[in-house]
Amino acid sequence: MVDYQCEVLLKGGQLLQAGGNSHEERVDVAIANGRILAIAPSLSLKASQVLELDGKIISPPFVESHIHLDSALTAGEPRWNQSGTLFEGIEIWRERKETLSLEDVKQRAIATLKQQAMQGVLFVRSHADVSEKNLIALQGLLEVREAVKDWITLQVVAFPQDGIYGSPKNDELIEEALRQGADAVGGIPHYEPTREDGVASMHRVFDLAEKYDTLIDVHCDEIDDDQSRFLEVIAANAIRRGNGAKVTASHTTAFGSYNNAYAFKLMSFLDRSGINFIANPLINITLQGRTDTYPKRRGVTRVKELWQRGLNVSLGHDCVQDPWYSLGTGNMLDVASMAVHICQMTGRQEIDACYDMVTWHGAKTLHVEDEYGLEEGKPANLVVLEASDRYDAIRRRAIARYVFSRGRLIANTTPAQSQWQGIETPALA
């Protein structure tokens with residue numbers, strides 16, 4: 001009988017590290033008992049499975065910082081979003097969620113998570129609409145969280161899609177969602193009936209987070225209105241309460257429309273607050289600017305400027321085939337590529353940063369850094385990409401050749417091969 005020293009031995013890969021490029025030298029990675037046993041230039045260990053990587057990059061898994069699994073895969077139900085606006089999407093979803101069942105939510109959510117996992121996504125934060133009176137979306141996603149826990153980490157945000165004060169019972173529903181076990185509390189202040197309601201909703205969110213010891217993730221200023229300024233309310237609360245590391249402002253698209261005098265003043269408060277940001281470039285560029293003629297705004301927050309100041313920015317897909325975005329596959333490299341383009345982050349360091357925004361930065365946003373990363377002793381969650389570095393991965397949307405979750409190979413994709421069949425070009429003199 002062979003005495004194996006590890007279950008899996010990855011040979012000759014380039015290990016990505018946070019904030020830098022891949023190693024100049026190739027390394028081997030040994031996996032045992034669901035964890036990374038060893039990382040070294042050359043490992044002489046007996047393994048049940050040996051994979052020759054030939055320079056492919058070994059990356060920590062992708063992190064989906066912001067998605068709505070409860071509405072995923074519902075595009076066209078009950079009708080298509082013809083205007084392409086956020087608000088028509090909300091109206092369509094209001095109709096669709098009246099027909100939700102637990103089985104409906106769970107089936108679509110798990111199908112989407114499998115699709116994501118096959119592309120290297122192993123950490124996901126999903127929002128669950130808690131404006132529906134029976135909390136079916138929430139209960140469905142809480143059951144899914146338990147069902148998939150052995151191969152993917154799922155966080156569930158109690159999200160009041162219609163506003164905490166948009167209906168008499170919504171305040172009660174969001175607190176009940178936290179009692180039932182939601183990981184984070186959300187909000188949507190720009191969609192509350194009045195500015196005053198929006199401010200009050202943010203204070204309520206912070207109070208609930210303290211009461212139930214949860215994270216905070218708010219859909220904030222997801223609008224083109226340059227007078228939508230709830231981000232300052234979030235920053236002020238985070239500064240006063242000292243919990244910025246557990247607070248996230250998602251979207252903040254109005255930030256891209258603020259005049260610079262106000263934006264620069266706000267930046268100093270954001271520095272002090274230490275809150276996290278999530279941009280969703282695919283959906284932001286699709287929904288925003290719909291009422292503009294020309295020039296049209298890009299409809300995305302100031303990703304580059306926030307990153308340059310050292311604030312934590314991660315990226316989300318947000319929607320996969322739902323009333324707001326009828327496209328999408330859950331591939332986080334698509335998200336990173338869109339960020340490179342619309343945020344004008346085409347410098348080499350900037351491209352690398354966009355890759356980090358769908359990996360390490362996302363882990364920081366989700367507050368899961370203790371269990372994330374490519375270090376000896378940490379859970380063996382990793383992805384082998386058909387790429388030589390971050391730039392190559394984003395440029396070609398490199399496939400996830402192997403996906404390991406908790407040390408187990410859960411997905412294996414064989415690259416397509418193309419052969420030239422056209423007319424040969426004559427040799428040049």
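- Around the NZ atom of K133, the shell of radius 6.0 Å holds no more than 12 heavy atoms that belong to other residues, nucleotides or ligands.
- Under 4.0 Å is where a charged nitrogen must lie from a carboxylate oxygen, and between D162 and R94 at least one such pair does.
- Take Y391 and apply the ring pair (Phe, Tyr, Trp, His ring centres under 6.0 Å) test, not counting sequence neighbours, and it matches no residue.
- Between L231 and F255, some side-chain heavy-atom pair lies under the 4.5 Å cut-off.
- Evaluation of the ring pair (Phe, Tyr, Trp, His ring centres under 6.0 Å) rule for Y402 yields no partner, not counting sequence neighbours.
- A donor-acceptor distance shorter than 3.5 angstrom exists from the side chain of T286 to the backbone of L282, with no hydrogens or angles considered.
- For the residue pair E88/S83, the side-chain donor-acceptor check at 3.5 Å is satisfied.
- Residues satisfying the ring pair (Phe, Tyr, Trp, His ring centres under 6.0 Å) criterion with F123, sequence neighbours excluded, are Y372.
- With hydrogens and angles ignored, the 3.5 Å screen pairs a side-chain donor or acceptor of T301 with a backbone N or O of T252.
- Here CG of L16 is found 8.5 Å from CD1 of I58. Values are rounded to the nearest 0.5 Å.
- With values rounded to the nearest 0.5 angstrom, C354 atom SG is found 4.0 Å from M345 atom CE.
- Annotation for E376: atom CD counts as buried by contact number, over 12 foreign heavy atoms lying within 6.0 Å.
- The backbone N or O of G289 sits less than 3.5 Å from a side-chain atom of D224, completing a donor-acceptor pair.
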Working for side chain to side chain donor-acceptor pair (under 3.5 Å), residues D197 and T194: CA-CA 5 Å; D197 289 334; T194 68; 3.1 Å; yes
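- Contact annotation: the side chain of F206 approaches that of N243 to within less than 4.5 Å [non-hydrogen atoms, C-beta and beyond].
- Looking at residues two or more places apart in sequence or on another chain, you find a side chain to side chain contact (heavy atoms under 4.5 Å, CB included) between E175 and R179, R204, L208, K211, Y212.
- Remark: the backbone N or O of C343 is not paired with any side-chain donor or acceptor of R298 at under 3.5 angstrom.
- Put simply, the side chain of N33 never gets that close to the backbone of R35: no donor and acceptor are under 3.5 Å apart.
- A donor-acceptor contact shorter than 3.5 Å is absent between the side chain of S257 and the backbone of T253.
- Contact check for I283 versus W324: side-chain heavy atoms found under the 4.5 Å cut-off.
- One finds the CD atom of E98 at 6.5 Å from the CD atom of E132 (value rounded to the nearest 0.5 Å).
- Using a 4.5 Å cut-off on side-chain heavy atoms (C-beta onward), D389 and R348 make contact.
- Under a 4.0 Å N-O distance rule, the pair R396/E386 does not qualify as a salt bridge.
- The side chain to side chain donor-acceptor pair (under 3.5 Å) analysis of residues 413-422, with sequence neighbours excluded, yields no pairs.
- A donor-acceptor pair under 3.5 Å links the side-chain atoms of T99 to the main chain of R96, judged by distance alone.
- Residues P323 and T74 approach most closely at CD-OG1, 3.4 Å, considering heavy atoms.
- Side-chain contact annotation: R406 with T153, donor-acceptor N/O pair under 3.5 Å present.
- Sorted by first and then second residue, the salt bridge (Lys or Arg N to Asp or Glu O under 4.0 Å) pairs involving residues 408-417 (not counting sequence neighbours) form an empty list.
- Under a cut-off of 6.0 angstrom, the local environment of CE in M267 is crowded, with over 12 non-hydrogen atoms contributed by other residues, nucleotides or ligands.
- Applying the ring-ring contact (aromatic ring centres under 6.0 Å, His included) test to residues at least two apart or on different chains, the pairs with a partner in residues 126-158 are H66-H127, H68-H127, H127-F159, H127-H219.
- Between the side chains of N412 and R401, at least one donor N or O lies within less than 3.5 Å of an accepting N or O.
- Annotation: salt bridge (Lys or Arg N to Asp or Glu O under 4.0 Å) contacts involving residues 359-373, sequence neighbours excluded, are absent.
- Judged as a side chain to side chain donor-acceptor pair (under 3.5 Å), and not counting sequence neighbours, D226 has no contacts.
- R302 forms no cation-pi arrangement with Y258, by the criterion of a distance under 6.0 Å to the ring centre and an angle within 45° of the ring axis.
- Between D271 and R309 there is a salt bridge, since a side-chain N of the basic residue sits under 4.0 Å from a carboxylate O of the acidic one.
- Between N280 and H317, the side chains place no donor N or O within less than 3.5 Å of an acceptor N or O (distance only, hydrogens not considered).
- Applying the salt bridge (Lys or Arg N to Asp or Glu O under 4.0 Å) definition to pairs two or more places apart or across chains, none involves residues 60-72.
- Classification of D104 and K97 as a salt-bridged pair fails, no side-chain N sitting under 4.0 Å from a carboxylate O.
- In this view, Y325 satisfies the ring pair (Phe, Tyr, Trp, His ring centres under 6.0 Å) rule with no residue, not counting sequence neighbours.
- Residue pairs meeting the salt bridge (Lys or Arg N to Asp or Glu O under 4.0 Å) criterion with at least one member in residues 113-125, sequence neighbours excluded, are R125-D217.
- Taking all atoms of both residues into account, the shortest heavy-atom contact from S65 to L366 is CA-CD1, 4.0 Å.
- Under the 3.5 Å distance criterion, the side-chain polar atoms of Q119 are matched with a main-chain donor or acceptor of Q115.
- Within the 3.5 Å criterion, the main-chain N or O of K378 finds no donor-acceptor partner in the side chain of E375.
- A salt bridge does not link R229 to E232: none of the charged nitrogens lies less than 4.0 Å from a carboxylate oxygen.
- When all heavy atoms are compared, the tightest approach of R390 to G19 is NH2-N, 3.9 Å.
- Q14 places no side-chain N or O within donor-acceptor distance of the main-chain N or O of K56, the cut-off being under 3.5 Å.
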